[in-house]
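Take a look at the structure set out below.
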Amino acid sequence: MEHLTNNTSNIKTNNMKENEEKADSTSRRDFVKTSALAAAGFTIVPRFVLGKGYRAPSDTLYYASVGLGGKGTSDNAAFVASGKAKPAFLCDVDQDYAAHVFNKYPDAKKYVDWREMFDKEHKNFDAVHCATPDHTHAVVATAAMALKKHVYVQKPMAHDVYEARMMANMGKKYKVQTQMGNQGSSSDGVRQMMEWYDAGLIGDVTEVWCWTNRPVWPQGYYQANTPNGLQWPKQSTTPPSTLNWDLWQGTAKERPYPIGKDQPGGVQVLPFNWRGWWDFGTGVLGDMGAHILHGPMKVLNLKYVDKVSTSVGQGGSLETGPASSFTTMTFPKTNKTKGPVKVHWLDGGMIPPRPEELDPAEHWGEGDGGMLFIGTKGKMTAGCYASRARLLPTSRMDDLNVPEKYARVKNGTEGHYAQWVEACLAGYGNMETSSPFEEAALLTEAMLMCNLAIRGVNVPKLAAADAQQVEGRRRRGASYPARYIDLIYDAANLKVTNVDEVNQFVKRDYRQPWKLSGI
């Protein structure tokens, strides 16, 4: 996939630019006090790395890690396993959930608030890893890049379309190495499929199917006492003393800490189930889309989606995603296709029609998910992370001899982490990563556009609409104006042109004092 070099990739509306000109600080008023601070480079090595038996500091990446207890646990382990990275600073708002990571790296200095860590320690690390919930990815990552730190952000790289667009070229702007945590982008399978497609083995692709078994967390279901779907409890309780609930909420609107699922009407949001809540997560597409949609985006060099349509199962609610969805994205022609491409997305356990090329005994659609390319001369398929890539019928794999065209990443999917470490040590412009923000932003934006088609809005927002139009929407469900129609996206202006109600989710209003930095 090419870096974003066309005019569209750099588009910011005048209003957006004016609103964000002064957003060089993320939340604390004195976070970035001067431009000199933002430009500060790495000059001090943490004391613990010096001494006999340690790798020379210039050969080791010292990084700060934000968000530890969940995916951050395995991320840190993978960085360290590269043999060339050490977590110099660790930060998490939940001291109990992150305790095992704090204990694993006792030499790393510990923080609760990443802003304080950046404030005090920015001269002592060269890179930042972020594995917080989706809604705080962008504020952490932009702050790090504004300080000229290399950045690894878990998928999706942003919570909102606007955030993804703003982050797209920040690696280039600040000359730092970036990587999104969709490790399948480093797999051999993606590169094999690119080579097969480039060699013309399946002809021109006009249609792709993608699917996953997610969600595996509560979202969208109906309860007897909540006919409108899963809702935030009206009753609250005191958060654990080890959790800074205000910091965890970050950019999202302030809410009371909910009563637990063991009580009537209660929910369990932490540590994992935030994924289904729109204020914090990005639902199924945000969780698995980066792993599965990456294959089609990369193989076909897809750019900005221009049309989305969707239908759902178990409806969802204004606050959470649906239990299942079937969404179709239409992408314009690229240099690798002869015309537009439709990419179908299925979740909640649904799978696409079984290809007729399969032997009756061959399994189909199992596991975490997969992808199926429909070409004019044949088909190819792969699992999640583009694993088990193969042509259909599988007999076509016999005696297949297509020259290697795209360099493989050492250790494939597992090498995704070490690749970023090596790229950081090599310096900007000296080594490529598999999922730099220039590319990851396109993938993220496509996923988030699908969410716009799924999401609901409050009925009062339709009050000013034409009465006949409102009545028509109410027959389908007035709270979900973008479902069951074609949602038209003007990528150049970051705007849905035919359902204005969902544009409020393109760029959220952040809770004060949170802001993006350095855009």
Side-chain angles (χ1 to χ4, degrees), residues 26-27 64-76 90-99 101 111-115 117-118 128-144 151-164 167 180-182 214-219 230 232 239-240 242-258 260-261 267-291 319-321 440 444 447-448 451 455 505 507-511 514-516:
T26 56
S27 302
S65 182
V66 185
L68 309 174
K71 193 66 178 70
T73 302
S74 58
D75 284 354
N76 276 287
L90 297 173
C91 180
D92 201 289
V93 300
D94 191 332
Q95 299 297 287
D96 181 58
Y97 189 51
V101 183
Y111 281 90
V112 174
D113 190 334
W114 62 268
R115 299 166 301 176
M117 180 175 69
F118 283 15
V128 170
H129 157 256
C130 177
T132 60
D134 301 351
H135 69 300
T136 49
H137 285 182
V139 290
V140 175
T142 58
V151 177
Y152 185 108
V153 174
Q154 261 307 325
K155 48 77 188 170
M157 63 182 279
H159 182 274
D160 302 329
V161 172
Y162 173 81
E163 292 176 339
M167 292 169 67
M180 183 167 74
N182 55 326
R214 303 297 199 275
V216 292
W217 55 83
Q219 69 174 54
L230 191 61
W232 198 264
T242 55
L243 169 67
N244 188 318
W245 175 237
D246 179 68
L247 280 180
W248 189 92
Q249 292 179 93
T251 62
K253 65 182 180 182
E254 186 175 3
R255 294 173 181 263
Y257 191 76
K261 65 177 182 179
V267 298
Q268 180 181 346
V269 176
L270 302 182
F272 179 72
N273 291 344
W274 51 265
R275 289 194 175 278
W277 295 86
W278 290 130
D279 274 359
F280 313 122
T282 49
V284 176
L285 276 147
D287 181 46
M288 296 304 291
H291 292 314
E319 299 187 77
T320 74
T444 300
M447 296 187 296
L448 297 178
N451 281 345
R455 289 193 64 165
F505 305 124
K507 179 188 176 186
R508 294 170 304 159
D509 291 327
Y510 288 165
R511 183 168 66 104
W514 301 91
K515 297 178 182 178
L516 298 184

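Values below: all heavy atoms of this structure, side chains included; hydrogens, waters and symmetry mates excluded.
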Review point. Would you call L448 and E163 a side-chain contact if the rule is heavy atoms closer than 4.5 Å?
Key: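 SC-SC contact between L448 and E163 ruled out.
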
**Study point:** Sub-4.5 Å side-chain heavy-atom contact between P218 and L230
**Key:**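 Counting from C-beta outward, P218 and L230 do come under 4.5 Å.
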
Exercise for review: Check the angle between the aromatic planes of Y152 and H129 and answer parallel, tilted or perpendicular using the 30° and 60° thresholds.
Suggested key: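 Y152 vs H129 ring planes: tilted.
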
Could you tell me whether the side chain of [X] and the main chain of [Y] form a donor-acceptor pair under 3.5 Å?
X    : Y    : answer
D160 : Y162 : no
D92  : A98  : no
H137 : H159 : no
E319 : W232 : yes
Q268 : L270 : yes

For [X], which residues count as a ring-ring contact (aromatic ring centres under 6.0 Å, His included) partner, sequence neighbours excluded?
X    : answer
W278 : none
Y97  : none
H135 : W248, F280

Exercise for review: Could you walk me through whether K155 and D287 pass salt bridge (Lys or Arg N to Asp or Glu O under 4.0 Å), step by step?
Suggested key: CA-CA 7 Å; K155 48 77 188 170; D287 181 46; 2.7 Å; yes

**Study point:** Result of checking R455, R511, R255 against D279 for salt bridge (Lys or Arg N to Asp or Glu O under 4.0 Å)
**Key:**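 Result for salt bridge (Lys or Arg N to Asp or Glu O under 4.0 Å) with D279: R255.
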
